[in-house]
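Positions are given from 1, in the same order as the sequence printed here.
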Amino acid sequence: MKTVDITWQPAEERFLAAGSHGQQCLVNAPHADAEARWTGFSPAELLLAAAGTCAGWDIVDILRKQRQAVEGISIRVAGTQDEAPPWAYREVVLHVTIRGHDIDRALAERAVRLSEEKYCSVTATVRGVARVGFELSVVETAATAVEPGR
């Protein structure tokens, strides 16, 4: 079982979320002044971040196993929410950009597809409520001395 401990920090008007590995994340909380500056991610943004990083984890792991010369991966996650409470997501789209030298597009597509269909627990959970989609871009970079898969 995975656990996350949440503590409200009223003076900072935020929550502190601590994961089971000791890592921490700041999450915005209700502010006494509605115009006050945000103090962390919103919970809804964290869901998008979780979907993107879960898929990214899978994609990086798969591309390494495929020995692709990946230099970078970025993921922009866009979510469309209902206009009324509880503002559930109706659509979540992950725009994945893979940068590297001589990346095999078919292997990159396979990595994304495996994350989408088999491995990513977050998008699998979200898919129960919202439509989840993936888009892929592959950007060619100059050859480097980096070993494939590193």
Mind listing the side-chain donor-acceptor pairs of residues 7-30 below 3.5 Å, one per line with the distance, residues two or more places apart or on another chain?
unit_1 : atom_1 : unit_2 : atom_2 : d
Gln9   : OE1    : Arg14  : NE     : 2.6
Gln9   : OE1    : Arg14  : NH2    : 3.3
Glu13  : OE2    : Ala32  : N      : 2.7
Asn28  : OD1    : Thr39  : N      : 3.0
Asn28  : OD1    : Thr39  : OG1    : 3.0

At what distance, to the nearest 0.5 angstrom, does CG of Leu63 lie from CD of Gln68?
6.5 Å
Run Val93 and Arg131 through side-chain contact (heavy atoms from CB on, under 4.5 Å) and show every step you take.
CA-CA 8 Å; Val93 180; Arg131 186 185 83 71; 4.0 Å; yes
Under a 4.5 Å cut-off applied to non-hydrogen side-chain atoms, are Val126 and Leu47 in contact?
yes
Contacts table for residues 48-61: side-chain donor-acceptor under 3.5 angstrom, sequence neighbours left out:
unit_1 : atom_1 : unit_2 : atom_2 : d
Thr53  : OG1    : Ala49  : O      : 2.8
Thr53  : OG1    : Ala50  : O      : 3.4
Asp58  : OD2    : Ser115 : OG     : 3.0
Asp58  : OD2    : Cys120 : N      : 3.2
Asp61  : OD2    : Lys65  : NZ     : 3.3

Is a side-chain N or O of His31 found less than 3.5 angstrom from the main chain of Trp38, in a donor-acceptor match?
no
Membership question, hydrophobic clusters at under 4.5 Å side-chain separation (ILVMFWY): are Val132 and Leu136 in the same one?
yes
Determine whether a donor-acceptor pair (N or O, by modelled atom type, separation under 3.5 Å) exists between the side chain of Asp33 and the backbone of Glu35.
yes
What's the separation between atom CD1 in Ile98 and atom OG1 in Thr141, rounded to the nearest 0.5 Å?
12.0 Å
Same hydrophobic cluster for Ile73 and Val77, using side-chain heavy-atom links shorter than 4.5 Å among ILVMFWY?
yes
Count the heavy atoms belonging to other residues, nucleotides or ligands that lie under 6.0 Å from CZ of Arg37, then report whether that count exceeds 12.
no
Do Ile6 and Leu46 sit in the same hydrophobic cluster, where Ile, Leu, Val, Met, Phe, Trp and Tyr count as joined when their side-chain heavy atoms come under 4.5 Å apart?
yes
Nearest non-hydrogen partners of Gln66 and Arg110, listed with the distance
NE2-NH1, 3.7 Å
Just by distance, do the side chain of Arg90 and the backbone of Gly79 share a donor-acceptor pair under 3.5 Å?
no
According to a hydrophobic-cluster definition based on side-chain heavy atoms being under 4.5 Å apart (Ile, Leu, Val, Met, Phe, Trp, Tyr only), do Leu114 and Val138 belong together?
no
Is it the case that one hydrophobic cluster holds both Phe41 and Leu94, taking links as side-chain heavy atoms less than 4.5 Å apart, direct or via other members?
no
Shortest non-hydrogen contact between Trp87 and Gln81, atoms and distance
O-NE2, 2.8 Å
Between Ala78 and His95, what is the shortest heavy-atom contact and its length?
CB-NE2, 4.3 Å
Taken to the nearest 0.5 Å, the spacing of Ile103 CD1 from Glu109 CD works out to 12.5 Å
Interatomic distance, CG@Leu107 vs CD1@Ile62, rounded to 0.5 Å, equals 11.0 Å
Here the pair of heavy atoms bringing Arg99 nearest to Ser74 is NH1-OG, 3.4 Å
